[in-house]
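As structure tokens, the structure follows; a few thoughts come after it.
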Amino acid sequence: MASKGAGMSFSHKSYRLTSDTEKSRVTGIVPEKLLNDYLSRIFSPDRASTVATSRTPLNFQNLPEHLDQLLQVDNEDEESEGQVEGRLGPSTVVLDHTGGFEGLLLVDDDLLGVIGHSNFGTIRSTTCVYKGKWVYEVLISSQGLMQIGWCTINCRFNQEEGVGDTHNSYAYDGNRVRKWNVTTTNYGKAWAAGDIVSCLIDLDDGTLSFSLNGVSLGTAFEDLSRGPGMAYFPAISLSFKESVAFNFGSRPLRYPVAGYRPLQDPPRADLARAQKLLGCFRAVLRVELDAVEGRLVDKESSEWQLQGQPTVLLTLAHIFHRFAPLLRKVYLVEAVLMSFLLGAVEAGTPTQAQSVVRQVLDLLWLFMEDYEVHDCLKQLMMSLLRLYRFSPIVPDLSLQIHYLRLTIAILRHEKSRKFLLSNVLFDVLRSAVFFYIKSPLRVEEAGLQELIPTTWWPHSGREGKDGKEAKDETAEQRQRRRAYERGCQRLKKRIEVVEELQVQILKLLLNNKDNGGEASRYIFLTKFRKFLQENASGRGNMPMLCPPEYMVCFLHRLISALRYYWDEYKDSNPHASFSGEAYIPPQIFYNGKVDYFDLQRLGGLLSHLRKTLKDDLASKANILIDPLELQAATMDDLDEDEEPAPAAAQRPTQALAIGGALPLPRPGWLSSPTLGRANRFLSTAAVSLMTPRRPLSTSEKVKVRTLSAEQRTREDIEGSHWNEGLLLGRPPEEPEQPLTENSLLEVLDGAVMMYNLSVHQQLGKMVGVSDDVSEYAMALRDTEDKLRRCPKRRKDILAELTKSQKVFSEKLDHLSRRLAWVHATVYSQEKMLDIYWLLRVCLRTIEHGDRTGSLFAFMPEFYLSVAINSYSALKNYFGPVHSMEELPGYEETLTRLAAILAKHFADTRIVGTDIRDSLMQALASYVCYPHSLRAVERIPEEQRIAMVRSLLAPYEQRPWAQTNWILVRLWRGCGFGYRYTRLPHLLKTKPEDANLPSLQKPCPSTLLQQHMADLLRQDPDVAPSFLNSVLNQLNWAFSEFVGMIQEIQQAAERLERNFVDSRQLKVCATCFDLSVSLLRVLEMTITLVPEIFLDWSQPTSEMLLRRLAQLLNQVLNRVTAERNLFDRVVTLRLPGLESVDHYPILVAVTGILVRLLVHGPASGTDRATSVLLADPCFQLRSICYLLGQPEPPAPGTALPAPDQKRFSLQSYTDYISVEELAQVEQMLTHLTSASAQAAAASLPTSEEDLCPICYAHPISAVFQPCGHKSCKACINQHLMNNKDCFFCKATIVSVEDWEKAANSSATSSAA
């Protein structure tokens, strides 16, 4: 070793400790006295002055013996096995998964983490205590229903009774803030995910207590049963999907309590040795050996450099020879190495800390075997993540900052980073935890009272987006609001420090400029894809999922890091695009380079698309699918079809049925706080290009084959001179210049998928805090109003109101501070811009994909879902603090989204029913708001006309309810009495959410109405098919409604107590609402294009008018009959039937009749009148009912005043104008006169001459060739839907007038 010069690099593989034959040379590396001084300083720092005068100077020959003496520990510390007084059971304490449980549970492979998988499962530990003072810790991973404490072996539990529900079992429940021992009382504080509960038992005094994050909650129980046979086990009962992890002493207790001993003894002997060796290692870093001047120089640890000096190398080799085996143990890594590294981070600047950590990691890799370093780094990161997740929130977030700074320092070490990425971060750990900032449940402990001393809340809640509140606030309120906003800004700045550190971590993981081997970014891509696959395929299996609150933070940090590298690439490549112009090129969706697992494509299954669109792939993208791939895909489809569904569903849970608590290969996301999740995913597969040997011409076809994600290389992603990588198969519509690095495109694609998996759902969930503030603010305002109105003599009432006021004020103070935290971490302006950026990415991606024609079907459905949901989040979740209207390019973005919704809601390339429904619902919501409706009107005219044409397609061919709703929204505000936001009888009730689309003010679109009118006029086929389908659906909807209210009425009249099914009530109300909306669409059609019904020169006009009259009469008769079924159900006012009332349906019918009988031309009015009166169901009394009249007035007399107890349109003057009422009176007068004239002129008709179908009209048509007869109205209506004869089912070839047929037969007989 002495022959190796300084400055050379050493590998531990070529290094070995000195042998006996080399000892003479080793002692001569430096002068003997200097070596003795150096080794004495390192290994005997406390005796440095005496060693120089000792009998034998220190050198490398006697150093091993000296180290053995140094590392000797007391015999007491050497005790590692054997029983300890007061404790029974194995020395290594774990959960008893063999017999000490009840219910169904999932247990981690370390037997310390557990997830509830049944109603109320219980499990205890393997070790019990009967004497002394003992403590263990529970790391709370979810804050739901759990009871944690102690029990005896004789306690018997079941699915309803757990720890604390039986004698001799005691528990603390932080979810309900109670303690349990058969009975229950209030105790302690509420816990939250990320808290640590310490369970303490004192069997000397017979007391039991608990601590939360190191703060004692006080004595919970006294006078515990003690004596022979009484020993207490740690135990827990937890409900479904709740999860915790135990620390019985296998790791250092986070909050040790003086006088209490952990159930599992720490490795005291190894701990003493490790601390001594760490002291020696520290000494090496603080001393520099100056061999030239023959002296020792004290230096800072951060300034120390490994310069290849043989003496220093040999010294470190002796240290690590004994230190390395110890650094593989969990307890020692956390207690010794972690403490040392954290101390370096906390004591120095980030640069100094980075220097120390880099030196330590270099030495670990140099002097330890690879497997030793791997174990050490794995335990180090597990401890670091555990510390980060379960640290309390302090005002300056210093704890989180220190842990993140240490994480960054470790990941800056390239070799360590690559190992951790490849084997630990996504395989063993929940790496997403590092990007999460937990929300404090107890704001006082988080220091938010000092940070935000003044509280304020928006008094009008989420509805106050129009700025009226700011104008009405008083000077005091304005002052409080500004003080609150300043406090929020202080909080936000502190949180931004943590977020920036988290972004730095992701920047390190996305680094693609590593010195040797595979770059970190490509390792990250493989692991990230598996992470997405696991969460995408396990959406029904909660233990497999990354918690959504983690996913939200992970997404925002990932976007920041992604945009940083995207714009950095743009700076060095002028032809690339900025991140603000990012999108996913469409070829990524069909060239197979990126695996989308089993996620649905717009056109269906990938295997189906490859078979049906293989010619398009070849002609447009020069891609040939390998026939073996198609055959394999076909076989897979057959296997999936043949496999029974229950078998597939039972695979993950078959083991659960065998016996309760199970050790899993890897714990689930909701179990152990640090260990990641079970490796239960299938290996991913990607289709990759076989590397071509020469450049490809545009006419050549590329054959693709399957390649697993692990086998992908950098060239498969980024491409090379002859290989386009992820961009293989560029369609002619796409530019040749790449947008950015291909790897960043895959990261962006993953970010969009993350939003779809759970981020949107979590954004909606967090709005609940703002809703709570609104509800409490309203309650406080009501209480203050009552206080002002309450008489001063009623002191009892005043006292209660004052008490309520205090409770509401305290709750609002707490919630307003918590809301400030939520706004800073979830709903800040920066987070809003991230979601807005994702929305624009999706819009560009959809637009580019649409240009590829049939290949658009390969796009995954979630791109359309994210475009819809992200817009909804921006509109509904970020207000009123931040408004979407303030975002850059807001109007343009609205218009682009409107164009996508208008084009693709009826796109035949999209086959999935769920995504088609989502598009339809999004468009229906879009036209409810003025600003988004104006965006629809701004799209190109041809797109608007195409959208309206799709809306007018026959309803029978597709889901029609949402389509009809869209048409109704375009008309609302123009119809008869149709200017209301809420129905008159519902005004006094509070809406669930004033932001609902159905509660928006009317905003009709005359432009789109005109397009509808033009299409109905110009295309002779559109109007009959559309109106026939509307009339069919109206007939169905109203008939279903009548049938359901009959059942409801019968149930309500029974003597026995009956409850009507809420689902039946909901369906009944839906049918009623559909009937009203269909009537409004008919009103709009008659108003815009009356000739469709009144111009009988058109072949279908008479038939449509007769069908319309028939349906209108049926509706009127059912609704207006005296003391009828409809009246009785409306009077019941059942919950769920609030919308069922006379007004909405009668004004819709009235609007149609007024348009037909008052506004139309004279000839059309006469036709409509004759058809209406000719219908046998017509009753003039029903028309009188509209104005509150029981009977029609005598001809020539004025209308009497309406009866106040009856329904009358005249009672709704706030909704119906004077002109509209006058039109109704004119219609009633006209029908009264026409009805009298028709009665006088009517002639009796023989029953044989009546139509055998309707018995309302005389026979007027004969069918050929069968010769059966009916009236024209019946046969024309029948032929709209069916070509078979009513009677004999023969195919009808033609229909002739019955008189003509009779005449021709008479002529032939005369001849």
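Bear in mind that the values here come from a model prediction, so they are computed numbers and not experimental data.
- The closest donor-acceptor contact from the side chain of T1070 to the backbone of K1066 lies under 3.5 Å.
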L1008 and L933: CA distance, side-chain angles, deciding distance, side chain to side chain contact (heavy atoms under 4.5 Å, CB included) verdict:
CA-CA 10 Å; L1008 296 178; L933 179 59; 4.3 Å; yes

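- Ring pair Y1185/F1207 is parallel by interplanar angle, where below 30° counts as parallel and above 60° as perpendicular.
- Judged by distance alone, the side chain of R916 and the main-chain N or O of I910 form a donor-acceptor pair under 3.5 Å.
- Between the CE atom in M947 and the CG atom in L952 there is a gap of 10.0 Å [rounded to 0.5 Å].
- Between C1184 and L1228, the shortest heavy-atom contact is SG-CD1, 3.7 Å.
- Side-chain contact between R944 and Q1010 is absent, with no heavy-atom pair separated by less than 4.5 Å.
- Rounding to the nearest 0.5 angstrom, the gap separating the OH atom in Y926 from the CG atom in L894 is 4.0 Å.
- Closest of all the heavy-atom pairs between I1048 and C1068 is CD1-SG, 4.0 Å.
- Distance alone, capped at 3.5 Å, places no donor-acceptor pair between the N1028 side chain and the P1024 backbone.
- Judged as a ring pair (Phe, Tyr, Trp, His ring centres under 6.0 Å), and not counting sequence neighbours, the contacts of H904 are F856.
- No more than 12 heavy atoms of other residues, nucleotides or ligands lie within 6.0 Å of CZ in R1118, so this atom counts as exposed by the packing criterion.
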Go through the steps for D1095 and S1101 under the test side-chain hydrogen bond (donor to acceptor under 3.5 Å, both in side chains), then give the verdict.
CA-CA 6 Å; D1095 183 5; S1101 294; over 6 Å; no

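- The backbone N or O of R1167 sits less than 3.5 Å from a side-chain atom of S1170, completing a donor-acceptor pair.
- The shortest side-chain heavy-atom distance between T1120 and I1183 does not fall under the 4.5 Å cut-off.
- Of the possible polar contacts, none joining the Q1110 side chain to the D1175 backbone as a donor-acceptor pair under 3.5 Å is found.
- Interatomic distance, I939 CD1 to I945 CD1, rounded to the nearest 0.5 Å: 10.5 Å.
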How far apart are the C-alpha atoms of F1093 and L1027, what are their side-chain angles, what is the distance that settles it, and do they pass the side chain to side chain contact (heavy atoms under 4.5 Å, CB included) test?
CA-CA 10 Å; F1093 291 91; L1027 289 172; 3.8 Å; yes

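- Between the side chain of E1083 and the backbone N or O of F976, at least one donor-acceptor pair lies under 3.5 Å.
- Taking 4.0 Å as the cut-off between side-chain N and carboxylate O, R934 and E891 do not count as a salt-bridged pair.
- The shortest distance between side-chain heavy atoms of V1115 and F1041 does not fall below 4.5 Å.
- The shortest heavy-atom contact between V1089 and A1013 is CG2-CA, 3.7 Å.
- With hydrogens and angles disregarded, a donor-acceptor distance shorter than 3.5 Å links the side chain of N1117 to the backbone of C1177.
- Atom CG of residue L1157 and atom OG1 of residue T1229 lie 12.0 Å apart, to the nearest 0.5 angstrom.
- Evaluation of the ring pair (Phe, Tyr, Trp, His ring centres under 6.0 Å) rule for Y978 yields Y980 as partners, not counting sequence neighbours.
- Side-chain contact between L1186 and M1227 is present, with heavy atoms from C-beta onward closer than 4.5 Å.
- Summarising the geometry of A1069 relative to S1139, their closest heavy-atom pair is CB-OG, 4.1 Å, with the distance given to 0.1 Å.
- Side-chain atoms of P1252 and I1259, non-hydrogen and from C-beta on, do get closer than 4.5 Å to each other.
- Looking only at distances, no side-chain donor or acceptor of D1019 sits under 3.5 Å from a matching main-chain atom of L1015.
- Using modelled atom types, no side-chain atom of Q1046 and backbone atom of M1044 make a donor-acceptor pair closer than 3.5 Å.
- The two residues L901 and A922 come nearest to each other via the heavy atoms CD2-CB, 3.9 Å.
- Between L1074 and Q1033 the shortest side-chain heavy-atom distance does not fall below 4.5 Å.
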Can W1096 and L1105 be said to form a side chain to side chain contact (heavy atoms under 4.5 Å, CB included), step by step?
CA-CA 9 Å; W1096 284 11; L1105 183 59; 3.8 Å; yes

Tell me, with the steps shown, if R1107 and N1035 meet side-chain hydrogen bond (donor to acceptor under 3.5 Å, both in side chains).
CA-CA 10 Å; R1107 287 198 64 193; N1035 182 46; over 6 Å; no

Please evaluate residues L1079 and L1112 with respect to the criterion side chain to side chain contact (heavy atoms under 4.5 Å, CB included), reporting the C-alpha separation (whole Å), side-chain torsions for both, the decisive distance (0.1 Å), and the verdict.
CA-CA 9 Å; L1079 287 168; L1112 293 179; 3.9 Å; yes

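- Distance OG1/T1085 to CH2/W971: 9.0 Å, rounded to 0.5 Å.
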Can N869 and S865 be said to form a side-chain hydrogen bond (donor to acceptor under 3.5 Å, both in side chains), step by step?
CA-CA 6 Å; N869 291 333; S865 298; 5.3 Å; no

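- Side-chain contact between V927 and W965: absent, with no pair of heavy atoms (C-beta onward) separated by less than 4.5 Å.
- Closest non-hydrogen pair, F1026 versus S1029, comes out as O-OG, 2.6 Å.
- In this structure, L1231 and L1172 have side chains that are in contact, with non-hydrogen atoms separated by less than 4.5 Å.
- Atom CZ of R1080 sits about 10.0 Å away from atom OG1 of T1087, to the nearest 0.5 Å.
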